[in-house]
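What follows is a single structure, written as structure tokens, with notes after it.
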Amino acid sequence: MELGKDLLEAVGPLNFDPNEVRLRFAAARDKRLREDGNDQFIEVAAEFSDYKDDPYLKAPMTRDPLKDTVEVAIIGGGFGGLLMGAELKKAGIDSVRIIEQGGDFGGTWYWNRYPGAMCDVESYIYLPLLEELGYLPKQKYSFGPEILEHSRRLARHFNLYENACLQTSVTELRWSCEEGLWRIRTNRDDDLSARYVVMANGPLNRPKLPAIPGINEFEEHSFHTSRWDYAYTGGNSTGGLDRLSDKRVAVIGTGATAIQCVPHLGEWAKELYVFQRTPSMVNPRNNRATDSEFAEELLAEPLWQKKRMDNFQSNMEGAAPNTDAVNDGWTELAARVTHAAVINMEQRLRRELSLEEAVWLVEVEDFKKMHEVYDRVDGILNDPELARSMKPDFRSMCKRPCFHDEYLQTFNRDNVTLVDTEGRGVDEFLSNGVRVGEQVYEVDCVIFATGFEVGTGFSRRCGYPIYGRDGLSLSEYWDKERATFQSYMVSRFPNLFNLAIGQNGVTPNQTHSLAEGARHVTHIIQEATARGRKTVEPTKEAQDKYTAEFKAAVDPLQADFFASCTPGYLNNEGSVENFSIATESYGPGAHQFFSELAAWRDTGLFQGLDFC
Ligand code: NDP
């Protein structure tokens, strides 16, 4: 492969051999690949259903079943549902009902109240509608309680508590052709109808457990991080887990959630064992308070939040390399280890890079970044063998990058042990502990930081089946071919919208994507209402065209990249050919995706839709 001299000079000398690193990463991936893919996890159902009980409810609600009709029913009261409700209300559509299984609004932030929970995306772009609500977050990165409170603030501001069905789970969605309405059944025997339904279930809403032999024989205490048992641990989401002072605690998993709760567990547990299969990449956090000077500067510019969100996303894609308003670990990573690095380098060299050069540059820059992460690990951990265990052998974007300033330090404590299972995971549960190889660890409590279902069937993740025209099941339809129109709609499922990540622009700033989706869906509902039509539905031709164009635009380098990654939920546990972020995210990027939706709206033609 011929690399330009100018490129080699610009990259500078390397203190590693890229071939050796590439082989090492490939070996680490091969070690982790397993045939059972998503089947290595247990659905939290049947004898495991306790793991999804709501520990945050003060008292279960009782109410009579409802039987009525609203204009728009929204399933899910997280930021997707809240943004949808807000947009509809702003558009003058008042007959809105949010159905939410939790005891309050908040979604992810309702459930994930583990100690130390925080959002790794900057608060000023993550918390929705800050300008409209006149609220400015306290820190650059918000902690869970502030975000949960903001959810409630949104619900109050847009009057979404009125008419909401909290503590209510949808059990079936069925289109009634005669009535031109969706019939919604719930676990409270409600018989609800709605002209339009928006599904805002969230992409990571169903906790999962590892199918480790003996898991149902463990007799001591256990829970999943998304259902934190403060009655057992003591304390609250800011820490103070004082009931753990005489407890031996095991944490299984070392992903983004574990990174945030392990420092609190290390501080309070008598003994803490962290069972690691794959180490995370842990970058510095550098959180800081929102000072008045910065706040003044921010608020001085009208539409500052929208501009800042757009600027972040442009930077993530290399479309605005000269201004980086957020300027944090995400934008740094994007500028260095994604396609943005190629664009930046082309500007610097004033020439186009060949495909080989581009692939080489991104890979080598990624290896450089990983070596900086290794230096940080070496600088923090006292024990070199432990440090070796905590160095990730994969490329930065293979897993969600993590940011924390206390996680690594926790492993210097005498009461904290990292159990490096070297890619295997825990071998077995016993009645009073877990076994890895020959070593048994007796513990009083196991905390599963093992994440959420991603690659399983759509209905299973929603928790309810969806039947469209002629009783067609959406899950079965999508099992044959995952097809959508503009990501949000599906032919033969009239008046149904899905705020999900499939066939969409993917961004780490999930609320940006949800805000764009809510705007787009509201625009269509408004038009159907203005035309006095009963249904709106994409034509099959428009859907086929959209899906084909979307697939053609999937970046093949991205698909190759994820295929070469260590297994995880981003690459469907190593099986990218099926549904995965690699095949479901828009190749030209989320920024471009949102711009194309806006351009479609601006034509005013509503091309591809049938209004009847
Ligand atoms: P993840 O799916 O990211 O991590 C699960 C962890 O469990 C991994 O370390 C995994 O190992 C491990 N694991 C699974 N099975 C076993 C086993 N049999 N033995 C040992 N370990 C096992 O879940 P998280 O809850 O950490 O995060 C989920 C997502 O939630 C994040 O990726 C992110 O999108 C979101 N999140 C966002 C935050 C934010 O700040 N915005 C904060 C926290 C979470 P392996 O890697 O080997 O599969």
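Keep in mind that the numbers below use all heavy atoms, side chains included, and drop hydrogens, waters and symmetry copies. Atoms within each ligand, like the ligands themselves, are counted from 1 in listed order.
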Legend entry - Listed partners of Glu406 passing salt bridge (Lys or Arg N to Asp or Glu O under 4.0 Å), at least two apart: none
Inset, instruction - Return the set of residues passing disulfide (SG to SG under 2.5 Å) with Cys565 (not counting sequence neighbours), or none when no residue passes. - result: Cys398
Inset, instruction - Would you check if the side chain of Asp405 reaches a backbone N or O of Asn286 as a donor-acceptor pair within less than 3.5 Å? - result: yes
Inset, instruction - Check each protein residue for a heavy atom under 4.0 Å from ligand 1 and list those that pass, ordered by chain and number. - result: Arg32, Phe41, Tyr114, Met118, Cys119, Asp120, Leu204, Pro210, Ile212, Ile252, Gly253, Thr254, Gly255, Ala256, Thr257, Gln260, Arg277, Thr278, Lys399, Arg400, Gly425, Val426, Ala449, Thr450, Gly451, Phe452, Tyr569
Legend entry - Result of checking Val419, Thr450, Thr225 against Ile252 for side chain to side chain contact (heavy atoms under 4.5 Å, CB included): Thr450
Legend entry - With His371 via side-chain hydrogen bond (donor to acceptor under 3.5 Å, both in side chains) - residues at least two apart: none
Legend entry - Residue pair Leu333 / Thr338, side-chain heavy-atom distance below 4.5 Å: no
